[in-house]
Amino acid sequence: KDFKDQMIIDAGQKHFGAIICKSCGMIYTAASPEDEAQHIQHHQRFLEGIKYVGWKKERVVAEFWDGKMVLVLPDDPKYATKKAEDVRELVDNELGFKQIVLSCPSKIKTYFFVSNERKIVGCLIAEQIKQAFRVLSEPNVPQSPNQDVLQHHRAWRCSIKPEAAICGISRIWVFSLMRRRGIARRMVDVVRNTFMYGCYLSTAEIAFSDPTPDGKLFATKYCQT
Ligand code: ACO
Ligand code: ZN
């Protein structure tokens, strides 16, 4: 018997099947050594990435019962912008984005949602834009495997008519174990209030770029209510 088989059997006696890590949220099979190794690697990188030590001059833009929101601007001290970059990298990794160049790095605003446990559990990257193309609602056809494929390729149909928008949300992300608690909703509310000094942006003035299936469900719901 080779070593690998032995490992699977040994691990399988302790816990078999899929496990979800309560700290990093990764789903893996403990029975698979490759999976476990991958988990250990992800676990450490992820927890280091979302760790928030705080800064003396941090810009708190909102406070909630379960955390606070902090804004990082491109001209902030290096330790702050470095954190923004690190978190963006984690998020892009999860979204499957590879090295997407931000249209104008000197204009982006990074918002963190920091939990009471001092972890960055939400991140929103916003940039100033001039126009956006509305995502058209899908024609009402029953779900087919084909449509599933489409959704995974993010092939939304877009209007060809540009509309004026002010704030583009290029990334929105909430830690997997903290979803459906209104964190994304609160982040967008705060962005609408703080993106442009002295005005509250309407939902028509914000635009979500290249939404994922999750992102589209959230944005549709958010903009309706
Ligand atoms: N399925 C269906 N409805 C949803 C979903 C979903 N997955 N997520 C949000 N909604 C709707 C619900 O109506 C929800 O209200 P409810 O929970 O009372 O029913 C409402 O939106 C508000 O949801 P929040 O709790 O504020 O959203 P959450 O904090 O869970 O974050 C997000 C949503 C950011 C999309 C999260 O699922 C996520 O991080 N996903 C992975 C990353 C991702 O795909 N991000 C979007 C990329 S697109 C872009 O960045 C422009
Ligand atoms: Zn883990």
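Quick note: numbers below take in every heavy atom, side chains included, and nothing from hydrogens, waters or symmetry partners.
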Novice: Answer yes or no: does atom NZ of Lys83 have more than 12 heavy-atom neighbours from other residues, nucleotides or ligands under 6.0 Å?
Specialist: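 Count over threshold, so yes.
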Novice: Nearest 0.5 angstrom please: Ile50 CD1 to Ser115 OG, how far?
Specialist: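 Those atoms lie 7.5 Å apart.
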Novice: Is there a donor-acceptor pair closer than 3.5 Å between any side-chain N or O of Arg186 and the backbone N or O of Arg181?
Specialist: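 A pair under 3.5 Å: yes.
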Novice: Tell me whether Asn116 contacts the main-chain N or O of Trp65 through its side chain, where contact means a donor paired with an acceptor under 3.5 Å.
Specialist: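 Yes; at least one donor-acceptor contact below 3.5 Å.
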Novice: Between His39, His43, Glu34, which is the residue that forms a side-chain contact (heavy atoms from CB on, under 4.5 Å) with Tyr28?
Specialist: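 For Tyr28, the side-chain contact (heavy atoms from CB on, under 4.5 Å) check succeeds only for His39.
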Novice: Does Ser202 offer a backbone N or O that forms a donor-acceptor pair with the side chain of Glu205 under 3.5 Å?
Specialist: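 Side chain of Glu205 to backbone of Ser202: a pair is present.
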Novice: In a check of side-chain contact (heavy atoms from CB on, under 4.5 Å) between Tyr222 and each of Leu217, Ile172, Thr203, which one passes?
Specialist: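 With Tyr222 as partner, Leu217, Ile172, Thr203 yield a single side-chain contact (heavy atoms from CB on, under 4.5 Å), made by Thr203.
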Novice: Report the distance from atom CD of Glu127 to atom NZ of Lys107, rounding to the nearest 0.5 Å.
Specialist: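 Result: 10.0 Å between the selected atoms.
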Novice: Any chance you could lay out the side-chain contact (heavy atoms from CB on, under 4.5 Å) test for Asp66 and Phe113, step after step, and finish with the verdict?
Specialist: CA-CA 10 Å; Asp66 54 350; Phe113 191 105; 3.7 Å; yes
Novice: So, taking the atom named CZ in Phe208 and the one named CZ in Arg171, what distance separates them when rounded to the nearest 0.5 Å?
Specialist: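 Going from CZ on Phe208 over to CZ on Arg171, the span is 14.0 Å.
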Novice: Distance-only, no hydrogens or angles: does the Arg59 side chain make a donor-acceptor pair with backbone N or O of Val70 under 3.5 Å?
Specialist: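 Pair absent, no side-chain N/O of Arg59 close to backbone of Val70.
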Novice: State whether a side-chain donor-acceptor pair under 3.5 Å links Glu58 with Tyr52.
Specialist: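 Short answer, yes.
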Novice: Kindly say whether the aromatic ring centers of Phe46 and Phe175 come within a distance under 6.0 Å.
Specialist: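 Centroid distance Phe46-Phe175: below 6.0 Å, so yes.
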Novice: Please answer whether the main-chain N or O of Thr29 pairs with a side-chain N or O of Asp35 as donor and acceptor at a distance below 3.5 Å.
Specialist: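 Yes.
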Novice: Give a yes or no on this: more than 12 heavy atoms of other residues, nucleotides or ligands lie within 6.0 Å of atom CZ of Arg45.
Specialist: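 No - once you tally the heavy atoms of other residues, nucleotides and ligands closer than 6.0 Å, there are 12 at most.
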Novice: Among the clusters formed by ILVMFWY side chains lying less than 4.5 Å apart, do Val114 and Val87 turn up in the same one?
Specialist: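 Yes, one cluster joins them.
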Novice: Can you tell me how far CD of Gln41 sits from CD of Gln38, rounded to the nearest 0.5 angstrom?
Specialist: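 That separation rounds to 7.5 Å.
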Novice: Could you tell me the separation between the OG1 atom of Thr110 and the CG atom of Leu124, rounded to the nearest 0.5 Å?
Specialist: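 Reported value, rounded in 0.5 Å steps: 9.0 Å.
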Novice: Quick one: pull up CE in Met26 and SG in Cys24 and give me the separation to the nearest 0.5 Å.
Specialist: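 Met26 atom CE to Cys24 atom SG measures 7.0 Å (nearest 0.5 Å).
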Novice: Does atom CD of Glu89 have more than 12 heavy-atom neighbours, drawn from other residues, nucleotides or ligands, at distances under 6.0 Å?
Specialist: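 At most 12 heavy atoms, drawn from other residues, nucleotides or ligands, come within 6.0 Å of this atom.
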Novice: Counting only heavy atoms not in Glu85 (residues, nucleotides, ligands), do more than 12 fall under 6.0 Å from its CD?
Specialist: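 Counting other residues, nucleotides and ligands, CD of Glu85 exceeds 12 neighbours.
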Novice: Can Asp76 and Thr81 be counted as having a side-chain donor-acceptor contact under 3.5 angstrom?
Specialist: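 Their side chains do not contain a donor-acceptor pair, so the 3.5 Å distance test is not met.
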Novice: What's the verdict on side-chain contact (heavy atoms from CB on, under 4.5 Å) for Arg88 and Cys123, showing C-alpha distance, side-chain angles and the deciding distance?
Specialist: CA-CA 8 Å; Arg88 194 183 79 220; Cys123 176; 5.9 Å; no
Novice: Between Ile19 and Ile40, is there shared hydrophobic-cluster membership here, with clusters defined by ILVMFWY side-chain heavy atoms closer than 4.5 Å?
Specialist: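 No, Ile19 and Ile40 fall in different hydrophobic clusters.
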Novice: What do the steps show when you test Met187 against Phe112 for side-chain contact (heavy atoms from CB on, under 4.5 Å), and what is the final call?
Specialist: CA-CA 8 Å; Met187 287 201 295; Phe112 289 145; over 6 Å; no
Novice: Can you tell me if Arg192 uses its side chain to pair, donor with acceptor, with the backbone of Tyr200 under 3.5 Å?
Specialist: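 No.
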Novice: For Leu71 and Lys109: C-alpha separation, side-chain torsions, deciding distance, then whether side-chain contact (heavy atoms from CB on, under 4.5 Å) applies.
Specialist: CA-CA 7 Å; Leu71 168 62; Lys109 296 188 162 103; 3.8 Å; yes
